[in-house]
Amino acid sequence: MTGPEESGRGWVLHVDLDQFIAAVELLRRPELRGRPVVVGGTGDPTRPRTVAATATYEARAYGVHSGMPLRTALRLCPEAVFLPSDRPAYEAASEQVMATLRRFPVRVEVWGWDEAFVGARTDDPEALAADLRRAVLAATGLSCSVGIGDNKHQAKLASAFAKPAGVHRLTTGTWAQQMYERPTDALWGIGAKTARKLAGLGLHTVADLAAADPAELARHFGPVNGPWLHHLAHGRGESEVVTTPWVPRGHSRETTFPQDLTDASDIAGQVSALARQVASDAAEAGRAVVRVSVKVRFAPFLTRTRQSRLAAPTTDPAELTRVALAVLGRFDLTRPVRLLGVAVEYAPPGDEAPAYTLTALE
DNA sequence: TCTGGGGTCCTAGGACCC
DNA sequence: TCTGGGGTCCTAGGACCC
């Protein structure tokens, strides 16, 4: 921490913890180091319909990966150690990491449990990145990788190139050289579906997309998404690092049942329980609810949602439960149900009361 | 490999209003 | 009454990310 951050040009850094969940678990259980470990669900690999949140490199050697059903992981690697997900532990570790980053003369924007953007002015961003890595490791025992860029998009991609435990710089100056030959889904925001659709238009690489006509892209992907894809391919992106805490837009709870539900009163009972849970979460967060939606995933895997806007914002559990059940009533529930969910949209904070006096004056 | 849970944002179509 | 044009709100679904 040499303190040169008041001078020099501005940079965006992306700090990404390496194998975050597995690393936190191994800190608590050093005896498991070097063994195949899989984390997910309640840690019971025989329970159907639960998947791995993460797998250590030793487990990956057996073909196990995150998102894989635990039962499959067990078959591939019977000697693996299966651990339950422990959200509070990950949140606590994450807090420690973010607090460490905030001790530097930089701006820190938390972007999830295991990553953050850092805004800084310096003549030597590699030195700053190395300082951040050392400080996080010393304070928490966790390893991270750091990407350096002119904006968040570049820094985010750079940190992936830096993995594991490294530092990498990707800027507008080196964008074409580093990115143009890669497939379009190497960009942050382009997934499998969009990549396939782009390929159908003859656009396979980042260079192809960068050379495409934005108006043509708008016709196929919409007025916002089309031009945005073009921007992504040129390595453009948001460069402002915002330190004010994120204000959640909504909240949800959902459950996949080990066996399908067919009984209507069971289904209603589960939706009530989810609605009460979401209401309690909202009350704890001090947020009023303006919309309630119910999600039903039918067997084998058909997902449908129904939603309803409330007449007035509320946090009342009885009212939210009543609305959730009314929305549930709009589904055709003749097929077996494998998942139920209740989601709410929050009113913007401080927006609960209508400002009718101001309106009257206009 | 029979496929979690929790988020965000965008799009399209219909209702409704002037 | 054979049919405009714009704006806003609401709903359902989709894509993406961690």
Side-chain angles (χ1 to χ4, degrees), chain A residues 14 16-17 19-21 38-45 47-55 62-77 84-85 87 90-91 94 110-116 152-153 156-157 159-160 184-185 187-198 218-229 232 238 246-260 274 277-278 281 285 290-311 327 330-331 338-346:
Chain A
H14 182 251
D16 201 328
L17 278 299
Q19 289 269 288
F20 175 62
I21 291 173
V38 181
V39 184
T42 60
D44 174 8
R47 186 183 158 94
R49 297 176 178 176
T50 53
V51 302
T54 191
Y62 290 83
V64 178
H65 56 81
S66 68
M68 174 181 280
L70 291 186
R71 295 206 293 186
T72 308
L74 178 63
R75 188 169 358 108
L76 291 176
C77 185
S85 276
R87 292 182 61 123
Y90 312 142
E91 278 160 17
S94 178
V110 177
W111 202 266
W113 277 352
D114 60 346
E115 49 183 315
K152 290 177 181 172
H153 181 203
K156 170 84 182 176
L157 297 185
S159 73
T184 54
D185 63 3
L187 299 170
W188 186 32
I190 297 186
K193 294 286 176 74
T194 303
R196 204 177 313 136
K197 201 169 160 188
L198 286 168
R219 286 206 299 112
H220 287 99
F221 296 92
V224 175
N225 280 334
W228 174 71
L229 292 171
L232 283 183
E238 180 60 59
W246 177 255
V247 178
R249 312 302 200 244
H251 179 65
S252 68
R253 294 267 183 167
E254 64 184 54
T255 308
T256 294
F257 306 102
Q259 280 85 36
D260 294 337
L274 289 164
Q277 179 66 65
V278 167
D281 295 338
V290 296
R291 180 194 307 278
V292 175
S293 68
V294 173
K295 175 162 141 185
V296 180
R297 179 125 72 208
F298 298 98
F301 207 76
L302 176 74
T303 308
R304 289 288 177 266
T305 62
R306 295 285 180 275
Q307 56 182 271
S308 183
R309 190 167 184 87
L310 302 181
V327 172
R330 286 157 43 200
F331 285 92
R338 65 173 282 152
L339 170 148
L340 290 170
V342 172
V344 294
E345 181 186 324
Y346 289 143

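Order of the sequence lines sets the chain letters (A, B, ...), proteins ahead of strands, with each chain counted from 1. All values derive from a computational prediction rather than experimental measurement.
Annotation: cation-pi geometry satisfied between A:Arg306 and A:Phe331 (NZ/CZ under 6.0 angstrom from ring centroid, within 45° of ring axis).
Across all strands shown, A:Ala192 has heavy atoms under 4.0 Å from sugar-phosphate atoms exclusively, and none from any base. When heavy atoms are screened at a 4.0 angstrom cut-off, A:Leu76 is found touching no nucleic acid atom at all. When heavy atoms are screened at a 4.0 angstrom cut-off, A:Val224 is found touching the sugar-phosphate backbone but no base atom. Among the heavy atoms of the strands, none lies under 4.0 Å from A:Lys197. A:Trp246 comes within 4.0 angstrom of sugar-phosphate atoms only, judged by non-hydrogen atoms across all strands, and of no base.
Counting only Watson-Crick and G-U wobble pairs whose two distances sit under 3.5 Å, DNA chain C takes part in these stems of three or more pairs: B:5-18 with C:5-18.
Here A:His251 does not reach the OP1 or OP2 of B:dG6: none of its side-chain N or O atoms lies under 4.0 Å away. For the OP1/OP2 pair of C:dG13 and a distance below 4.0 Å, the side-chain nitrogens and oxygens of A:Thr305 include at least one atom meeting the criterion. Side-chain N/O atoms of A:Arg297 include none lying less than 4.0 angstrom from OP1 or OP2 on B:dT3.
In this view, A:Ser293 and A:Gln307, A:Ala343 satisfy the side-chain contact (heavy atoms from CB on, under 4.5 Å) rule, not counting sequence neighbours.
Rounded to whole Å, the distance from OH on A:Tyr90 to P on B:dG7 is 17 Å.
A donor-acceptor distance shorter than 3.5 angstrom exists from the side chain of A:Lys197 to the backbone of A:His220, with no hydrogens or angles considered.
Per the stacking criterion (ring centres < 5.5 Å, plane angle < 30°), A:Phe301 stacks onto the base of B:dT3.
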Polar-atom pairs under 3.5 Å, protein N or O versus N or O of nucleotides 8-10 of chain C: list them with distances, or write none.
unit_1	atom_1	unit_2	atom_2	d
C:dC10	OP1	A:Arg309	NE	3.0

